[in-house]
Every structure is written in structure tokens, then in C-alpha cells.
Amino acid sequence: MPEELRYDPKEIESRWQRVWAHERTWEVPDDLPADAETSYVLEMLPYPSGEPHIGHLKVYSVGDAVAHFHRRRGRRVLHPMGYDAFGLPAENHAIKTGQHPRASTDAAIASFQREFRSWGISIDWTRELGTHEPRYYRWTQWIFLQLLHRGLAYRKEAAVKWCPVDATVLANEQVVDGHCERCGAEVQTRQLEQWFFRITDYADRLVEDLGRIEWPEHVKTMQRNWIGRSTGAQVTFRCEELDVDYPVFTTRPDTLFGATFFVMAPEHPDVLRLAAGTEHEDAVRAYVNAAAGGSAEDRGDAEREKTGVPLGRTVTNPVNGEALPMFVADYVLMEYGTGAIMAVPAHDARDFAFAQAYGVEVRRVVGTDEDLPYVGDGPLVNSHPDFDGLHNRDALERIVAWLDGEGKGHASVNYRLRDWLISRQRYWGCPIPVVYCSGDCGMVAVPADQLPVELPDVRDYAPKGRSPLAGAEDWVATTCPSCGGAARRETDTMDTFVDSSWYFLRYCDANNDEAAWDPAVLARWMPVDQYIGGVEHAILHLLYARFFCKALSDLGLLGADEPFARLFTQGMITRDGAKMSKSKGNVVSPQAIVERFGADTARCYILFIGPPDQDADWSDEGAEGMHRFLGRLWRTCARAATELHDEALAVEALGADGLRVARKAHWAIDKVTGDMEGRFAFNTAIAAVMELLNECGPSRRGAAESGAVRFALATAASLLFPFAPHTAADAHERLTGLRVWEEPWPVADPALLASDTFELVVQVNGKVRDRVQVPAEADAETLRALARDQPNVRSHLDGREVLKEVVVPGRLVNLVVR
RNA sequence: GCGGGCGUGGUGGAACCGGUAGACACGCCGGCUUUAGGUGCCGGUGGCGCAAGCCAUGGGGGUUCGAAUCCCUCCGCCCGCACCA
């Protein structure tokens, strides 16, 4: 093969990357014309650690294809890049090596930048940000202040989750089955004063607005489950002996007449007081202590035997005045509802299990033939003459109305969602911009014009149950912004999910030094039109970001109250069917692939491997095949550029071969466009380009006119550009002299899409017996006659009676015979 | 246990509305080019059968002229939720 026709991705890729960088091709200016059509395409913010992995390659291959497609369809596309740069891995590394987290983070960022650039993704690098840079976290702190002033950030003492390994508190969302989501250690409960964001204020809207966004249904379901909205009633039970009211939340006020006991969580503050002076006092104390020491994991296990201890007191059921025995039991959780429940064993599986174990009465109040416990619907029985016989769902409303009238209860909505605990006793995070005055001012917010509160250097990163920042004495000691007296800084830092809850806003106005953003600029881009990332963020990041947008929009700082209009969650790339990991030694490094085949091959193969929302197994052979295809495309174009003369494409003058090639090109335009528009079917889009190229092979194209072949090849390069930008740009330029990214996305000619003949399938009794080329305009009668006339069809009709003829114009004829 | 998704050649997958099952690729087989090879190009490739044909989309049943696609049922795998009152 002549040297000039060698496909050399290294040379091609670096050459075009230089052109795009030099011409700043992918930058979008801040002063776009008002009528510009825009699109915001965003991949989830990467955490920079070591080098990018194959998941990054996938997310940017998808995102860049989308970004390019929109650009070529005439939109101005915002496609920025940044780094989620605060976080524990860098800090833990610092504890081990003494290297400042900033140094290791910046090194990782540099390697990410280098690799991202080598992939040729079309990023507007002028908007690049790192969440650890003071110019960024200055505004993270500013947002914190806005929330603080609105009462959406607050400090309170509460039972919180503590990870003993990471030595910090965690948000509920970061505890999975009683274990730290990050490190896997079993979490403990501690009573601490911490900072929270009032996300529960938005619980309702966070559920409600899921209806307005185009997200995968399973992600919405996960969020709904997490928020856990339940409607029901709050009902007050009175303990006469102690003269205290205990409200409970129930979703089943219709079963109030079936309540036979009352249970409190071991953490309920009144438990010991209630038992005091009764014969159960010691047992209760022992039970409460045991519960406090038990593991959160066991506590959450529904299969576990129900345990509990009587309190020796009763409460009065407000609907019938009955005295119900009180218990303490750990199947009741302090953090949900009021920490106390009315127990209806006949119609609740948990209460039933407890009643069986402790010999409490079970009273059926929903009449059915089913065994107890019965949690379904039915007519009320054994309740009250006013309600007996009513369907329980109707009775529910009437009972709540009655309670309301009597002042004994009211309709109520309860959520599983807790407020977001955002303080962390760690170093490498955004400082919380608050000081504590040693005088009379108490807690004072650092004024916005004194931001950022910069993270000081410390000598010792090791966590000791308090933030390493507490050791930076010079930094901690400050003056009170209010009275000018002595004050001490808050030493906790913010959860890094705070940093990533607003970065997509900053990108819109990334270099604004006067404000976090200009709302007018934001209005142009927000919400993100297409967000792309892993499903592992279905709850954490995606819920927090939604909360931020709602809170900020309520503050008048932002128009969009949903951050991400469309979400796409990509599947994992596995190797030999298993998740890639260093310990398994099955890691495929993007750098190695790019080194060996070039970025275009890597990107295309990852998209070709299967539907991008599904997991897919990496195959080296598959990547080689993609490399062959790109080489063939490039070479065929390069050869055509010199060997096929550049004649105009006159469709009317084309012969059969030329027409076939031109048609195939228009078919491919239609196919690729449809695959990109409707769904992210990049795999079939690339397959269509492969088909088109196959049609242009020297033997297959036959006597096709050079204009038709050139058009088909240029089209192939053009259609492949979103997936293999360098190769496509190079091939396209050689062939046409034009820069493909400046060309509009091709539009299929309907006249060339429709063929003048089609292959009619003829079935007898549903089995294909023959095929025949027929004119596209043939009417049903013609098709019918033609079908019956095929030799192989005749032999199957021979001596039989035709009962029915099904004619599907443009497709098939089915003859039903006996 | 509850909810959701999936199951198609040796492999990844395609078939978007019920209308030619297996596009496109990997792998394999054969041929050509020949520079020694990788490479490149052309062709073949679901199974059984000499063939006509038959069988085939996890198993079974159903609806339909016609089912990978719709319905019922069973099996297997994956994901989420799971003492939330």
C-alpha cells in the first residue's frame, strides 16, 4: 500500500486538535445574538483521581456525539468541562504521604486535561473550573449564605450518622444498609450539632416536578422512593397518667378502631420517664441501652424477630376511649414520623408479628375472608356504628374529618426524606463561611464581600473526630464581622455534594468575578438540555442539584427550578463480564486504547458495542474491527479524492449503480438522523455508515458514476463526524475541501429515499414461499395476482382452496389456504 | 417479599407500529493480492438435510391470516426498594 494512504490516527488526530484549539472552534461566546438557538449538553462532573477510566471515555463519547449533532443542526452548544476536586481520596492520600491534597488533585486534573484533550472532545475550555479553586468556592460559600439568610441552612443537634473510618458525619443518602457509602464501614449514631440544608421543605415539589422532566423512569422511581411521601393523618393519643399527648402519624386512620397497643422508639425522649416508677423501669432501661449499642444494619432488618418491653403505661385511643398498653420496641424508628405509632396488628404485618410475640389482642376492623394480617381494602367492621359497613377508603376520609372536628387529629403528609446534613469534619472541602463571636453576637455569617473564606494550610490532615482545620490556630482565631471582637471560625467543611450541586450554573457564566452568575446569562442556557452520567448518582447528586435549583429559584436567583430537562444514564463497560477493577486486574485503560488505535476508534467502538444505556463488555477484537473500519473509510475517501474525478451529482443522469449508491447515502442520512434524534442509538447509526461504506467498495459500487460515489463517501464522513471527528473531518476535507463541522447536517431527499420497486414477500399460511420485485406503485389487486403467479407459490396452492388473502401494500401478501 | 428491566446464532447486538428473524460487527472458514508476517481486498457463515424442505428468538400455553414483538404462566439473570407506621 502506498505510504500516503496509510491511516495514521496519531497524525490525523493531533493535527485536527491543533486546528480546533487554535481556532477556538468549540467556544461559545457570552454575547450570542438573542435569537440564537442554543443547547446545553453536559456530562456529570468528573472526580479527578489518577487517570480517566473507561467510564469517562464512554460518557464523553456519548455527550460529544450529542453536542456535535446539535451544532451541525444549527444550534449553539454549551459543552463545558470541570472537576469535582474536593473530596476524601485526595485527603486520605495526604494523610498517608503528607502531600498536600491540592498538589495531588492538581496533578490528577492535569492528567485528566491531557487525556480529555487527546480524545478530541469538543469542549469550551474557557469555562473550565475546579470546585477546589477559591474563585469557585467563593460562590459555593455565597450560596450557603443565601440559604442561611433564608433559613434553608441551619444548625441543630441531632442523632447523626458517623463513619468511624472516614471520621466524619454523613448524610442519610450516604449511608447504604447501615454502612458508609464511600468506604463500607458500619456507621454509628452520634448526638452532634451539625449543619443541615432544609431539603425537606422541598420534598413535595421534588416529587411533584419529577412529572415535568424527561428522565429514565427507574431514576424517577428511585427518587420517589427515597423521598417517600405518604399521606395519612396525625392522631393524638393521650397518656392520662403523665398528662402528655403523643401524636402519631398513620397512613391508615381507617383502622384506628383496630388499634390494640401503642409503641415508642427506644430513642424517644419520653421512654424512660414513662417507665419510671413502674415494675418495668429496669427492663426498659436495659432495652433502650441495648438498642443504642446495636448496629444500624440489624435494626433495619425486617426479617428479624420483633422485640420490645412494656412501659407499664397506657394511652387513650381518641376514637373510642380505650386504654392501650404502651411498649418500647426497636421496630419503631425515631427518625420517621413522631417516633411513636399506634399499632393495629390485624392490618399491619409488623404490628401483627409483635402482637403474636407479646400476646396482645388482635382485632379485625376490615372485613374480608383473608387471613390476618390483612393490609388490603374492604368494608369496616367492629369499629363504630357511624363507620361500620363503609368501604375503608371512604371511612378513612370521614374518620379524619371527625378527628379534625374533635381536635384529636388532622390530615397529614409525611416524608422519609430527612434534611441534608452537610457539615464534614474533614479538611479537603469548602469551608463553611461562619464565625462564632466570643462576645455577644453568637454565630455570625461572614459577609459576602469578605468571601472566600480560604482553606488554610495545615500540618496534620489526620482526622481526630474534629476537623483538621481546628488545628490551624491562626486561621481559626479571627474577628467578629459584627462587633469587631474576637471570634472563632467554623472548622467543619461542606459535603462535596454541595460543590457539585451548582457547578452547571457556574459554567454558564464561568468567568464572572462580580457574581456567581448573571441571571440573564443563565436564562439563556438553563436548564441543561441533555445531562449524561452514571445511574449511581440517581439519588445523591441528582436530588441535591434539584433541591439547589428550587431553592435558588425561590430566592429569585435563577429561572429554572429543574436543573436537567433530559437525563441519560449510561451503562457500565465491563471486561469478561465483570466490573473493571485494579484488584481483578481486568482494567482497560483509555490511554492504552487511544495509544494503540487512536481516539476515534476508541470512541466509535464504545458507541458501537451496544445501546449506550446498557452495560457492555469490552473486547479488544471488537476495537480492532472498528479500527479497520475507520481505516477503510479514510482510505476509500483518500483514494477517491485523487482517483475519482470530481463531477457534479446529476441524479437524473445516473445509471442503476450510481442511483443505488446515491440512494444508499440518503437512506443512511435518514437512518443516522433518526437514531440520533429519537433515542441514543449510536450503535445502529454507526452500523448504517458501515453499510454505506460497504456500498462504496470498489467492487460493490460497480459502474456507479464518480459523482455518486464521492457524494456517498462524503456523506459517510459527514455522518460519522459526531462519533469519529478527526477521521471524519480529515476524510471529508480530502474529498470535498470543506470543513465538515462547518457544514450543516445533511438532509435526506425524500425522492431518493423512496425506491421505485420493492421486494414483495409472498407467504402461504404465514410461511415465506417466494419474493418478487414489484413496482412501488402496484395496487393491491396487482400484488394479489402477482403473488399467486409465483412458481413456488403455485406449487403450494396446488389443489387447495384459498380462504383468505391478506395484502399489506409495500410489504407482503399472505395467502391462507386449506 | 414488593417494584422495574432483561433473556435472539460461537460472541456483541439488529429487527422503532404485530408483517422477510439474525442488519452491522467480532470470531471462524475459503479465496485473492504478496512484501515474510501482521495488514489489505473479495466471498461464505443460525441448526438439521443431497435437496424440496423442516426447525429456530429462555420453557409451556393463548390471541392472530401472521408473534422476538401482544396476553397468561413458569424458569433464569440484573437493578432498585425493603420494620418508613
Just call it for Asp770(A): base, sugar-phosphate, or nothing, with non-hydrogen atoms closer than 4.0 Å on any strand.
nothing
Show your reasoning for whether side-chain contact (heavy atoms from CB on, under 4.5 Å) applies to Met326(A) and Met264(A).
CA-CA 8 Å; Met326(A) 299 179 84; Met264(A) 292 181 128; 3.9 Å; yes
C1' gap between C32(B) and C26(B), integer Å
23 Å
If you apply the rule side chain to side chain donor-acceptor pair (under 3.5 Å), what do you find for Asp419(A) with Thr200(A), and how did you get there?
CA-CA 5 Å; Asp419(A) 273 343; Thr200(A) 53; 2.6 Å; yes
Report yes if a side-chain nitrogen or oxygen of Arg575(A) is closer than 4.0 Å to either non-bridging phosphate oxygen (OP1 or OP2) of G12(B); otherwise report no.
no
Under 4.0 Å, heavy atoms only, any strand: does Leu333(A) hit a base, just the sugar-phosphate, or nothing?
base
Sugar-phosphate, base or nothing in reach of Lys671(A), heavy atoms under 4.0 Å:
base
For Gln174(A) and Leu540(A), run side-chain contact (heavy atoms from CB on, under 4.5 Å): C-alpha distance rounded to whole Å, both residues' side-chain angles, the deciding distance at 0.1 Å, then the answer.
CA-CA 8 Å; Gln174(A) 289 156 19; Leu540(A) 294 157; 3.7 Å; yes
Taking atom types as they are modelled, is there a donor-acceptor pair under 3.5 Å from the base of C65(B) to the side chain of Asn814(A)?
yes
Spacing of the P atoms in C48(B) and G9(B) (rounded, Å)
15 Å
A correct dot-bracket answer for RNA chain B, with pairs being Watson-Crick or G-U at under 3.5 Å, [ ] for crossing pairs and | for inter-strand pairs, is (((((((..(((......[....)))((((((.......))))))(((....)))..(((((..]....))))))))))))....
Which listed nucleotide (C65(B), C41(B), C83(B)) is nearest to the side chain of Arg635(A)?
C41(B)
Can you check the distance between A23(B) and U73(B), where both ends of the measurement are the P atom (answer in whole Å)?
34 Å
Take atom CG of Asp576(A) and atom P of G12(B), then tell me their distance rounded to the nearest Å.
13 Å
Counting the atoms with a prime plus P, OP1 and OP2 as sugar-phosphate, which does Val761(A) contact under 4.0 Å by heavy atoms, base, sugar-phosphate, or nothing?
base
Has Glu305(A) got more than 12 heavy atoms of other residues, nucleotides or ligands less than 6.0 Å from its CD?
no
Separation of atom CD in Gln356(A) from atom C1' in C83(B), rounded to whole Å:
16 Å
For Met222(A) and G5(B), give me the distance from atom CE to atom C1', rounded to whole Å.
13 Å
Would you indicate what Glu217(A) reaches in the nucleic acid, counting non-hydrogen atoms under 4.0 angstrom: base, sugar-phosphate, or nothing?
nothing
When we call it a touch if two heavy atoms are under 4.0 Å apart, what does His796(A) touch: a base, just sugar-phosphate, or nothing?
sugar-phosphate
Rounded distance in Å - CZ (Arg596(A)) to C1' (U39(B))
14 Å
When you measure from the centre of the six-membered ring of Trp215(A), is the NZ or CZ of Arg546(A) closer than 6.0 Å and no more than 45° off the axis?
yes
Expressed in whole Å, how much space separates the C1' atoms belonging to G18(B) and C70(B)?
8 Å
By nearest-heavy-atom nucleotide on RNA chain B, the more 5' of Val816(A) and Gly610(A) is Gly610(A)
Would you please indicate if the ring centroids of Phe608(A) and Phe629(A) are separated by under 6.0 Å?
no
Tell me what Ser230(A) touches on the nucleic acid: a base, only sugar-phosphate, or nothing, going by heavy atoms under 4.0 Å.
sugar-phosphate
Under a 4.0 Å heavy-atom cutoff, the residues of residues 246-264 of chain A touching RNA chain B are Phe249(A), Thr250(A), Thr251(A)
Write down the distance separating the P atoms in G59(B) and G53(B), rounded off to the nearest Å.
26 Å
How long is the straight-line distance from CZ of Phe261(A) back to CE of Met342(A), given to the nearest 0.5 Å?
11.0 Å
Looking at Glu595(A), I want to see if its CD is surrounded by more than 12 non-hydrogen atoms of other residues, nucleotides or ligands under 6.0 Å.
no
Rounding to a whole Å, what distance do you find between His347(A):NE2 and C83(B):P?
23 Å
Tell me whether Arg304(A) at atom CZ has more than 12 heavy atoms from other residues, nucleotides or ligands lying less than 6.0 Å away.
yes
Using the P atom as the point on both nucleotides, what is the distance between C28(B) and G38(B), in whole Å?
12 Å
Apply side-chain contact (heavy atoms from CB on, under 4.5 Å) to Trp634(A) and Asp600(A), showing your working.
CA-CA 12 Å; Trp634(A) 182 87; Asp600(A) 284 345; over 6 Å; no
Asn694(A) to Arg632(A) - nearest heavy-atom pair and separation
OD1-NH2, 4.3 Å
Inter-nucleotide P distance (G3(B), C74(B)), Å rounded:
13 Å
Which distance, rounded to the nearest 0.5 Å, do you find between the OG1 of Thr236(A) and the CG of Asn317(A)?
11.5 Å
Send over the distance from Arg224(A) CZ to G4(B) P, rounded to a whole Å.
13 Å
Measuring centre to centre across the rings, with the benzene-like ring taken for any Trp, is Phe327(A) within less than 6.0 Å of Phe354(A)?
yes
Should Lys767(A) be listed as having a side-chain N or O under 4.0 Å from OP1 or OP2 of C55(B)?
yes
Using a cut-off of 4.0 Å on non-hydrogen atoms, how would the nucleic acid contact of Arg418(A) be classed: base, sugar-phosphate, or nothing?
nothing
Would you say that more than 12 heavy atoms from the other residues, nucleotides or ligands in this model lie under 6.0 Å from the CD of Glu361(A), or not?
yes
Is any side-chain nitrogen or oxygen of Asn225(A) closer than 4.0 Å to OP1 or OP2 of G4(B)?
no
Gap between atoms CD and C1', on Gln223(A) and C79(B) respectively (whole Å):
16 Å
Taking G12(B), A85(B), G13(B) as options, the one with an atom nearest any side-chain atom of Gln614(A) is G13(B)
Just how far, in rounded Å, is C1' of G13(B) from CG of Asp615(A)?
14 Å
Is C78(B) syn or anti, taking syn as a glycosidic angle within 90° of 0?
anti
Using the P atom as the point on both nucleotides, what is the distance between A51(B) and U33(B), in whole Å?
31 Å
Glu805(A) near the nucleic acid: base, sugar-phosphate alone, or nothing, with a heavy-atom cut-off under 4.0 Å?
nothing
Indicate the ring-plane relationship of Tyr246(A) and Phe262(A), choosing parallel, tilted or perpendicular according to the 30° and 60° boundaries.
tilted
On RNA chain B, does the nearest nucleotide to Gly697(A) precede the nearest nucleotide to His218(A) from the 5' side, or the other way round? Give the residue.
His218(A)
Name the orientation of the base relative to the sugar in G9(B): syn if the glycosidic angle is within 90° of 0, else anti.
syn
In 5'-to-3' order, the base (B), backbone-only (S) or no-contact (-) status of each nucleotide in nucleotides 22-30 of chain B, using a 4.0 angstrom heavy-atom cut-off, is -BBSSS---
Check every atom of G53(B), A82(B), A85(B) against the side chain of Arg416(A) and return the nucleotide holding the closest atom.
A82(B)
